[in-house]
**Student:** 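Take a look at the following structure, please.
Any value given below was found using the heavy atoms of this structure, including those in side chains, with hydrogens, waters and symmetry copies removed.
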Amino acid sequence: DYDEYDGVGAYRVERPKKRKPWCCFDPSRFVFRFFILVLVCGLAFGAFFCYDNPAALQDQLTKRLDLSSLEYFLLYSVYSTPNILFVIIGGLSIDRFGMKFGAIFYSSFVLAGQILFALGVMISGFPGYCIATFGRFLQGIGAESLTIAQSKYKAKWFKGRELAMAFGCVIATSRGASVLDFNFLIYLYKWTNIYYAMFGGAIICAISLIFAFVLAGADSYGEGQMDRYDLVDSQNRPLVSEKKLRMRKRSVKKSNHNDPLSDSDSSVASNEENDDNEGGHKLPSLLDVRHFPFSVWLVYGICVFYYASMMSFVSFGSDYLRSNWNVDQQFANFAMSLTFVMAVSSPIVGLVIDKIGYLSCFITLGCSLLTLSLLSLSLYPSQDFTPLPAIAIIGFSYTVLAAGLWPSVAYLVDMRILGTAYG
């Protein structure tokens, strides 16, 4: 029973007022959104945990499957290379079929990929390596598209409220999953063997799949509560579900054909109709990228150049520190781990961004900190000072940039094609 358009630019509410749900079950309250955030963080935890499974047990895996260096690095190549293009397809599929379907579907891919990877390790030899490689391929397809569904959930529930904080929490969770992977798997291997260690990753992926189902239910419940009660957020703005919004737009469009309107009312209705044609119930397609604002393409450019610089340093930083500062492997690993440890501050940085705004300023700050840190390490390598502060600043720059960069896409692109934009 939806609100009816009264023909003069307003919606007439004929339903009797109903008592709002209890705070924990009220989508307009932070308590409910926090529950959504916990589920969103757990959604891709398994994927982040399993990404570095080969690195966590590199020596044991190499011996078990009799891998050369090329064959070992191929386990990462088959994970990453297909996603140069497939994430666009994944984002488009999420826009077309919905976040709930996308999260469950791609979580299943991650789980199936990890099971095949563990089976390949169990079989060993060349057949086992082929199965493990195919498992990593499925994992890559599922994990990267899963992060797109994760981003759409965050945009839906936190846009205009605590969006940067939500992205910061997910960043901290992803880094925590990587740290847990390197520390937990080696102990699990010592207690059992390499098969059980890999199947341990599959269990964590299965838990993430359960999170996907629970998140889909919580999202549906929240939308139902928005439609049943006239809920408003903390700033007294009405909360309207996507389904109800589409119904309203169709009602406006139908009224334009049936009711004569004044000039001012005609312009209002015309704007509603244009919104419906551009972003209402029209199916998303790749051609929608033509309507992306120039600012989005600038965000993509910043993303490419920043991540290329930072990830290159993360990949070769350990060797660089050992050769220029004459430190041992243990110290070099500890120093490089600071780039991930600094992610703990991501939720705090996100809260600051949500409070004061100015996302572009924080993006600029993140890029500037990275540039200055890399210049200090490359132009002035010296035994007279420790590289730890510069490396810590690199990690903090990633925290600042990510907390400002990824939420900005949600503010620049319509929700209908947001998955394609993140892809």
Side-chain angles (χ1 to χ4, degrees), residues 24 32-57 79 90 94 98-122 132 135-154 156-157 166-222 340 343-344 346-347:
C24 293
F32 183 85
R33 294 198 304 277
F34 180 78
F35 176 65
I36 293 289
L37 180 58
V38 171
L39 295 176
V40 168
C41 290
L43 180 62
F45 187 89
F48 289 123
F49 178 85
C50 292
Y51 172 73
D52 276 321
N53 274 184
L57 296 175
Y79 184 103
I94 291 170
M99 297 173 289
K100 303 178 188 69
F101 168 81
I104 294 171
F105 181 73
Y106 291 114
S107 291
S108 302
F109 262 64
V110 175
L111 175 58
Q114 182 63 19
I115 291 175
L116 287 176
F117 181 71
L119 286 175
V121 174
M122 179 179 291
R136 292 285 292 179
F137 173 78
L138 291 182
Q139 263 187 306
I141 291 177
E144 299 303 321
S145 298
L146 182 59
T147 58
I148 298 174
Q150 193 181 44
S151 297
K152 284 204 71 172
Y153 270 119
K154 287 178 285 188
K156 177 179 179 178
W157 286 101
F167 273 91
C169 289
V170 171
I171 292 169
T173 302
S174 66
R175 296 308 179 192
S178 298
V179 173
L180 181 65
D181 174 41
F182 277 96
N183 291 276
F184 173 71
L185 276 192
I186 189 65
Y187 286 110
L188 187 58
Y189 166 76
K190 292 178 179 178
W191 293 335
T192 57
N193 54 46
I194 193 170
Y195 327 130
Y196 289 107
M198 294 305 170
F199 277 109
I203 293 174
I204 294 179
C205 289
I207 295 174
S208 292
L209 179 59
I210 294 173
F211 271 64
F213 279 103
V214 177
L215 181 58
D219 181 75
S220 298
Y221 169 82
F340 301 104
V344 175
S346 296

**Student:** Whether the side chain of N53 engages the backbone of F49 through a donor-acceptor N/O pair (distance < 3.5 Å, no angle test) should be reported.
**Tutor:** yes
**Student:** Is a side-chain N or O of S145 found less than 3.5 angstrom from the main chain of G142, in a donor-acceptor match?
**Tutor:** no
**Student:** Ignoring hydrogens, what is the shortest heavy-atom contact between A343 and P347? Give both atom names and the distance.
**Tutor:** O-CD, 4.1 Å
**Student:** Is there side-chain contact between S151 and F167, with at least one heavy-atom pair below 4.5 Å?
**Tutor:** yes
**Student:** Determine the minimum heavy-atom distance between L146 and A103, stating which atoms define it.
**Tutor:** CD1-O, 3.5 Å
**Student:** Rounded to the nearest 0.5 Å, how far apart are CG of L138 and OG of S108?
**Tutor:** 11.5 Å
**Student:** Distance-only check: which donor-acceptor pairs under 3.5 Å involve side-chain atoms of residues 199-216, not counting sequence neighbours?
**Tutor:**
| unit_1 | atom_1 | unit_2 | atom_2 | d |
| --- | --- | --- | --- | --- |
| S208 | OG | G42 | O | 3.0 |
| S208 | OG | G46 | N | 2.9 |
| S208 | OG | I204 | O | 3.4 |

**Student:** Within 45 degrees of the ring normal and closer than 6.0 Å to the centroid, is that where the cationic atom of K190 sits relative to Y187?
**Tutor:** yes
**Student:** So, do Y196 and W191 have ring centers that fall under 6.0 Å from each other?
**Tutor:** no
**Student:** Could you tell me whether Y79 and Y51 have their ring centroids closer than 6.0 angstrom?
**Tutor:** yes
**Student:** Measure up the F109 and F105 rings against each other and bin them: parallel (under 30°), tilted (30 to 60°), perpendicular (over 60°).
**Tutor:** tilted
**Student:** Side chains of Y189 and F184: closer than 4.5 Å at any heavy-atom pair?
**Tutor:** no
**Student:** Please answer whether the main-chain N or O of M198 pairs with a side-chain N or O of Q114 as donor and acceptor at a distance below 3.5 Å.
**Tutor:** yes
**Student:** What pair of heavy atoms forms the shortest contact from C169 to L37, and how long is it?
**Tutor:** SG-CD2, 3.9 Å
**Student:** Compare every heavy atom of A44 with every heavy atom of Q150, then report the nearest pair and how far apart it is.
**Tutor:** NE2-CB, 3.5 Å
**Student:** Does the pair F45 and L180 meet the rule for a side chain to side chain contact (heavy atoms under 4.5 Å, CB included), with working shown?
**Tutor:** CA-CA 11 Å; F45 187 89; L180 181 65; 3.8 Å; yes
**Student:** For A218, what residues pass the side-chain contact (heavy atoms from CB on, under 4.5 Å) criterion, not counting sequence neighbours?
**Tutor:** F35, I36, L39
**Student:** Check whether T147 reaches the backbone of E144 with its side chain - one donor and one acceptor, N or O, closer than 3.5 Å.
**Tutor:** yes
**Student:** Identify the residue among K100, R33, K154 that makes a salt bridge (Lys or Arg N to Asp or Glu O under 4.0 Å) with D219.
**Tutor:** K100
**Student:** Should Y106 and I94 count as side-chain neighbours, where that means a heavy-atom distance under 4.5 Å?
**Tutor:** yes
